[in-house]
Amino acid sequence: MKYEHESIEKKWQDAWAAQGVYRTPEDPTKPKYYALVEFPYPSGHGLHVGHARPYTAMDVVARKRRMQGYNVLFPIGWDAFGLPTENYAIANHIHPAKVTHDNIAFFRDQTKLLGYSFDYSREVDTTDPAFYKWTQWIFLRLFEHGLAYKAQMPVNWCTSCKCVLANEEVVDGVCERCGSSVVRREKSQWMLRITAYAQRLLDGLDEVDFPDRVKVQQRNWIGRSTGAEVDFRTTTGDTLCVFTTRPDTLFGATYMVMSPEHPNLGRWRERITNWAEVKAYQDLSAQKSDIERSEMQRDKTGVELKGVRAINPVNDAEIPIYVSDYVLMNYGTGAIMAVPGHDTRDWEFATKFGLPIVEVVAGGNVQEQAFTDVQNGVMVNSGFLSGMQTSDAIVAMIAWLEEKGLGHASINFKLRDWVFSRQRYWGEPIPIVHCPKCGYVPLPESELPLKLPNVESYEPTDTGESPLAKMRDWVETSCPRCGGPAERETDTMPQWAGSSWYFLRYTDPYNDAALASPEALAYWTPVDWYNGGMEHTTLHLLYSRFWNLFLYDIGVVPTSEPYRKRTSHGMILGEGGEKMSKSRGNVVNPNDIVSEYGADTMRLYILFLGDFEKAASWQQNDVKGCRRFLERLWTLCENLNDDAAYSPANITLIHKTIKKVTEDIENLKFNTAIAAMMTLLNEMTSNGASKGDLKTFLTLLAPFAPHSCEELWHQLGFESFVVCQSWPAYDPALCIDQEVEIAVQINGKFRGTVWVPADCPDEELVKAATAEERIQRNLEGMRIVKTIVVKNKLINLLVKP
RNA sequence: GCCGAAGUGGCGGAACGGCAUACGCGGUGGUCUCAAAAACCACUGAAGGUAAACUUCUUGUGGGUUCAAAUCCCACCUUCGGCACCA
């Protein structure tokens with residue numbers, strides 16, 4: 001019989017579905033395991049190999065856990081709100097809901113083709129009102145707790161399309177669609193106060209099993225800095241507060257800089273004698289786009305405030321104040337004390353403007369460049385700090401400031417609040433009403449879900465409002481509080497909203513009374529293993545940790561951290577290591593591989609092609625190697641004529657392989673697990689295999705190539721399903737070879753090998769090694785002065801003439 | 001600039017103090033065939049040597065530690081990701 005993948009795969013997919021073998025069991029007596037993949041955005045292009053890699057990997061994990069006796073929750077869903085769908089809808093005049101529905105159907109069919117063991121009865125779809133009812137519900141709770149608020153924020157405005165662009169639509173400073181320049185415009189936007197959770201999001205990282213690179217990236221993103229806030233008196237009578245991480249260098253502060261947006265500037269207008277010049281600088285900065293600002297990054301510009309001076313609190317020196325856009329309004333206090341001797345940016349500015357550079361930490365040459373080393377420095381020219389180590393000086397200075405009431409220890413974060421509104425149609429409506437009397441009023445829970453109305457056009461408006469703003473009969477409503485006339489919020493939520501909590505919904509996807517029942521959450525959460533891409537480290541992964549932590553605080557979820565273990569897969573590149581893209585024409589469609597070679601070959605190859613955590617390039621030519629592996633297995637099973645439970649020739653390698661595959665799956669070493677099974681198959685082919693050998697082999701391979709294994713399982717006459725068998729156990733005693741080949745080195749150089757019984761005593765080993773002809777030749781005229789033995793591996797003979 | 005990852009045969013990659021190049025692809029020779037494809041068997045890092053025996057060299061570069069280094073340490077070069085005037 002021939003290995004016909006198409007009919008075999010269809011046959012077993014149907015059989016498994018008919019028996020519901022991948023249904024999530026409702027059996028609270030068994031231990032649970034929640035394996036999660038990032039749900040896809042169902043784009044029109046369909047599933048690509050970049051999805052197949054993590055999905056196949058976690059499918060192997062989920063299948064192994066089922067075989068190990070766990071209740072496994074391995075769900076899939078659709079992160080379906082988003083810009084590409086909306087743009088497609090605009091271009092083709094099809095309702096985004098219809099586009100979404102079709103794309104989901106396509107994606108679902110593709111995942112089924114690949115034989116993933118998802119529980120499709122628990123699918124979630126973020127655009128389904130039954131789902132986004134709870135997204136809106138969470139938003140209302142955030143609002144209730146003061147964590148959602150409105151603020152003026154700059155948005156991206158395309159000067160040609162005359163509309164607001166999402167950040168993703170701005171590429172290299174220009175509009176992705178028309179290529180025109182994008183400028184900043186102020187708009188009132190909904191914000192989420194993620195900064196209130198900065199410290200706890202940082203602390204939580206210590207409790208979870210994430211790769212270091214993920215933790216490091218999140219820590220950098222949150223960006224905690226410790227230092228001090230210091231008040232400088234000014235000649236206006238106002239004080240100017242700054243944040244610094246280097247209070248030890250306060251004696252070296254020779255000028256101050258304020259951000260152009262600093263509110264004090266307007267207040268001091270009457271006193272600033274060169275106000276026109278300052279105003280012109282402010283206007284220029286406001287016009288600059290982000291790109292312009294970063295392009296000019298190294299070239300410092302600024303204007304001195306004439307008529308206003310500051311006083312350095314440690315030495316009462318009068319110092320000038322500048323306005324410059326290298327100081328950002330949204331970090332620290334929007335003003336800095338400049339220490340040009342010990343800060344690179346201040347040094348550049350001081351050099352350009354001819355400002356004094358004072359050395360207060362010895363160790364460098366501050367006339368040449370700023371000396372910024374905090375570790376190795378001794379304070380100089382610094383009054384009571386002189387002679388101290390910088391680290392001690394920081395502590396001493398903060399104590400001094402606190403004592404004098406001039407400042408205090410302070411912590412700052414780079415993390416910014418989350419801009420939560422989009423001027424778009426295809427997103428969750430924000431369940432808030434603007435009442436002229438009551439302000440922003442939340443909708444009562446009974447009015448959820450607030451459904452998206454059908455509109456004629458999804459085009460963004462030229463006023464920068466969401467398309468919903470044109471729906472007057474939807475917008476005009478009454479205030480839930482006072483009953484007076486009011487208007488609905490017309491902005492929608494960003495795509496990150498649904499994905500911030502979807503994993504909770506899988507535990508109880510049809511609940512209409514809560515986002516999920518407390519029992520379901522208590523049983524299934526936290527997620528035991530969550531795999532996803534590195535590109536989601538600082539947005540999705542951080543946002544969902546934030547929402548989960550908030551839901552934990554209000555008693556909705558039982559754990560503070562949503563994911564116990566996180567892993568990340570590397571990207572799949574095209575041949576030659578280039579990124580896959582339509583323009584390069586090197587995109588691989590999984591469907592093509594499945595129809596030519598079969599899903600099992602596709603699954604094996606995608607895991608075999610390289611280290612799962614690293615980027616790897618697709619080699620079309622190599623795919624057939626995995627297909628040949630399955631065909632050799634097929635041939636071996638067909639020619640079976642030994643009914644024994646095991647064959648002595650294979651037993652050690654079988655147990656070793658079970659051990660290796662069992663461990664490799666846990667460590668994401670799918671490539672070497674497959675290589676080990678190939679080695680075993682090659683051995684069994686040359687030694688001959690018994691029925692029992694093949695039975696074990698099929699259960700071991702089943703998570704990787706379930707269809708072929710299921711077919712062969714039945715051809716060999718076994719009952720039930722191979723995918724429902726127990727995971728094979730290995731006997732450590734049987735993993736040990738009776739005879740081992742020992743490498744023999746002389747003075748560290750490899751000179752040959754010798755076969756000896758395992759755990760052979762050192763003296764016996766030396767005897768055996770020196771008995772070898774080749775070794776003897778190399779020992780001629782030498783005497784052994786020392787021997788180094790690595791048990792069952794190697795012997796090194798150190799010799800002298 | 002800062003943070004992170006990585007440089008190994010013709011190619012994808014294994015090994016991560018102990019026989020470098022597992023496994024797969026490709027290549028060469030053979031079996032089968034009228035022939036081809038497929039399949040199967042053998043060989044396949046480089047140089048010297050006689051296609052043997054054997055010898056030497058080889059994990060981005062240069063040093064070091066060690067009986068032993070692709071692996072650990074120091075310096076440098078290159079590539080790829082992320083952040084980027086965060087005081």
Side-chain angles (χ1 to χ4, degrees), chain A residues 211-217 219-221 223-225 227 242-246 249 253 257 259 290 293-294 296-300 324-328 330-339 342-346 348-349 372 412-416 534-535 537-538 570-571 573 575-577 579 604-605 608-611 613-626 628-629 631-632 635 669 671-682 685-686 741-753 774 777 785-799:
Chain A
D212 280 341
R213 54 184 178 150
V214 170
K215 288 190 182 184
V216 165
Q217 222 168 291
R219 287 196 184 106
N220 289 346
W221 187 262
R224 184 182 198 265
S225 296
V242 302
F243 171 73
T244 177
T245 56
R246 297 292 305 273
T249 62
V257 187
S259 161
D290 280 351
R293 277 206 183 190
S294 58
M296 310 231 251
Q297 178 179 127
R298 295 283 150 222
D299 190 23
K300 301 277 184 293
S324 174
D325 63 7
Y326 84 87
V327 173
L328 309 172
N330 51 11
Y331 182 78
T333 63
I336 60 157
M337 65 175 209
V339 185
H342 307 283
D343 180 281
T344 311
R345 296 149 301 176
D346 298 344
E348 285 166 4
F349 190 87
T372 57
N412 260 285
F413 296 94
K414 282 187 203 171
L415 187 69
R416 306 276 155 83
M534 278 307 284
E535 71 275 19
T537 299
T538 52
M571 227 196 315
L573 306 169
E575 301 221 20
K579 241 182 195 170
L604 281 170
Y605 179 64
F608 184 66
L609 89 177
D611 185 331
E613 297 189 87
K614 293 180 194 150
S617 54
W618 184 273
Q619 307 284 324
Q620 186 59 40
N621 233 350
D622 291 5
V623 177
K624 59 170 88 82
C626 291
R628 285 179 189 153
F629 167 63
E631 280 174 358
R632 283 200 300 274
T635 309
K669 300 286 180 195
N671 51 340
T672 51
I674 293 167
M677 289 188 281
M678 287 173 166
T679 305
L680 175 57
L681 182 68
N682 293 345
T685 304
S686 48
E741 192 179 23
I742 307 285
V744 184
Q745 294 183 342
I746 295 175
N747 284 346
K749 270 208 185 300
F750 174 74
R751 292 298 174 193
T753 60
R774 187 180 168 199
R777 250 189 300 115
V785 293
K786 195 177 175 189
T787 59
I788 293 158
V789 175
V790 182
K791 221 24 160 201
N792 294 332
K793 273 199 170 149
L794 172 140
I795 176 167
N796 190 3
L797 304 168
L798 303 184
V799 300

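A note on names: the letters A, B, ... follow the listed sequences, proteins ahead of strands, and every chain is numbered from 1.
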Rounded distance in Å between the [atom1] positions of [N] and [M]:
N     : M     : atom1 : answer
B:A5  : B:G60 : C1'   : 16 Å
B:A51 : B:C43 : C1'   : 10 Å
B:G29 : B:G7  : C1'   : 35 Å
B:G9  : B:A22 : P     : 13 Å
B:U58 : B:A36 : P     : 44 Å
B:U8  : B:A69 : C1'   : 14 Å
B:A6  : B:G13 : P     : 13 Å
B:A15 : B:G64 : P     : 30 Å

NA contact type, A:Trp618, heavy-atom cut-off 4.0 Å: base, sugar-phosphate, or nothing? nothing

When every nucleotide of nucleotides 10-24 of chain B is labelled 5' to 3' by its protein contacts under 4.0 Å (heavy atoms), B for base, S for sugar-phosphate only, - for none, what sequence of letters results? -SBSSS--BB--BBB

Anti versus syn assignment for B:G9, with syn defined as within 90° of 0: syn

Measure the distance from [atom1] on [X] to [atom2] on [N] and round it to the nearest whole Å.
X        : N     : atom1 : atom2 : result
A:Leu681 : B:C40 : CG    : C1'   : 14 Å
A:Glu535 : B:C83 : CD    : P     : 11 Å
A:Gln217 : B:A84 : CD    : P     : 11 Å
A:Met534 : B:G82 : CE    : P     : 10 Å
A:Arg246 : B:A87 : CZ    : C1'   : 11 Å
A:Leu797 : B:A68 : CG    : C1'   : 13 Å
A:Asp343 : B:C2  : CG    : C1'   : 14 Å
A:Leu573 : B:A6  : CG    : C1'   : 13 Å

Give me the atom names and distance for the closest heavy-atom approach of A:Leu609 to A:Ser617. CD1-O, 3.9 Å

So does A:Asp611 pair up with A:Lys669, basic N to acidic O under 4.0 Å? yes

Would you find a donor on one side and an acceptor on the other, under 3.5 Å apart, between the side chain of A:Tyr605 and the backbone of A:Lys624? no

Is the phosphate of B:A87, meaning OP1 or OP2, less than 4.0 Å from a side-chain N or O of A:Ser225? yes

Mind checking the [atom1]-[atom2] spacing from [X] to [Y]? Nearest 0.5 Å is all I need.
X        : Y        : atom1 : atom2 : result
A:Leu681 : A:Thr635 : CG    : OG1   : 9.0 Å
A:Glu348 : A:Asp299 : CD    : CG    : 9.5 Å
A:Thr372 : A:Asp346 : OG1   : CG    : 11.5 Å

If we count only N and O atoms by modelled type, under 3.5 Å, do the side chains of A:Thr753 and A:Glu741 hold a donor and an acceptor together? yes

Side chains of A:Glu535 and A:Thr537, donor plus acceptor under 3.5 Å: no

Got a list of side-chain donor-acceptor pairs under 3.5 Å for residues 787-798 of chain A, not counting sequence neighbours?
from, atom 1, to, atom 2, distance (Å)
A:Lys791, NZ, A:Cys760, O, 3.4
A:Asn792, OD1, A:Asp759, N, 2.9
A:Asn792, ND2, A:Asp759, OD1, 3.0
A:Asn796, OD1, A:Gly748, N, 3.0

Take A:Ser259 and A:Tyr331, measure what side-chain contact (heavy atoms from CB on, under 4.5 Å) needs, and give me the verdict at the end. CA-CA 10 Å; A:Ser259 161; A:Tyr331 182 78; over 6 Å; no

Identify, with sequence neighbours excluded, every residue that meets side chain to side chain contact (heavy atoms under 4.5 Å, CB included) alongside A:Met678. A:Phe608, A:Cys626, A:Phe629, A:Ile674

Taking Watson-Crick (N1-N3 plus N6-O4 or O6-N4) and G-U wobble (N1-O2, O6-N3), each under 3.5 Å, can you produce the dot-bracket string of RNA chain B? Use [ ] for crossing pairs and | for inter-strand ones. (((((((..(((.....[....)))((((((.......))))))((((.....))))..(((((..]....))))))))))))....

Could you tell me if A:Lys300 sits above the aromatic ring of A:Tyr326, with its cationic atom closer than 6.0 Å to the ring centre and no more than 45 degrees from the axis? yes

Tabulate protein N/O versus nucleotide N/O from nucleotides 54-58 of chain B, keeping only pairs under 3.5 Å, one per line.
from, atom 1, to, atom 2, distance (Å)
B:U55, OP2, A:Arg774, NH2, 3.3

Set of residues satisfying salt bridge (Lys or Arg N to Asp or Glu O under 4.0 Å) with respect to A:Arg774, sequence neighbours excluded: none

Judged by nearest nucleotide, the residue sitting upstream toward the 5' end of RNA chain B, A:Asn220 or A:Lys414, is A:Asn220

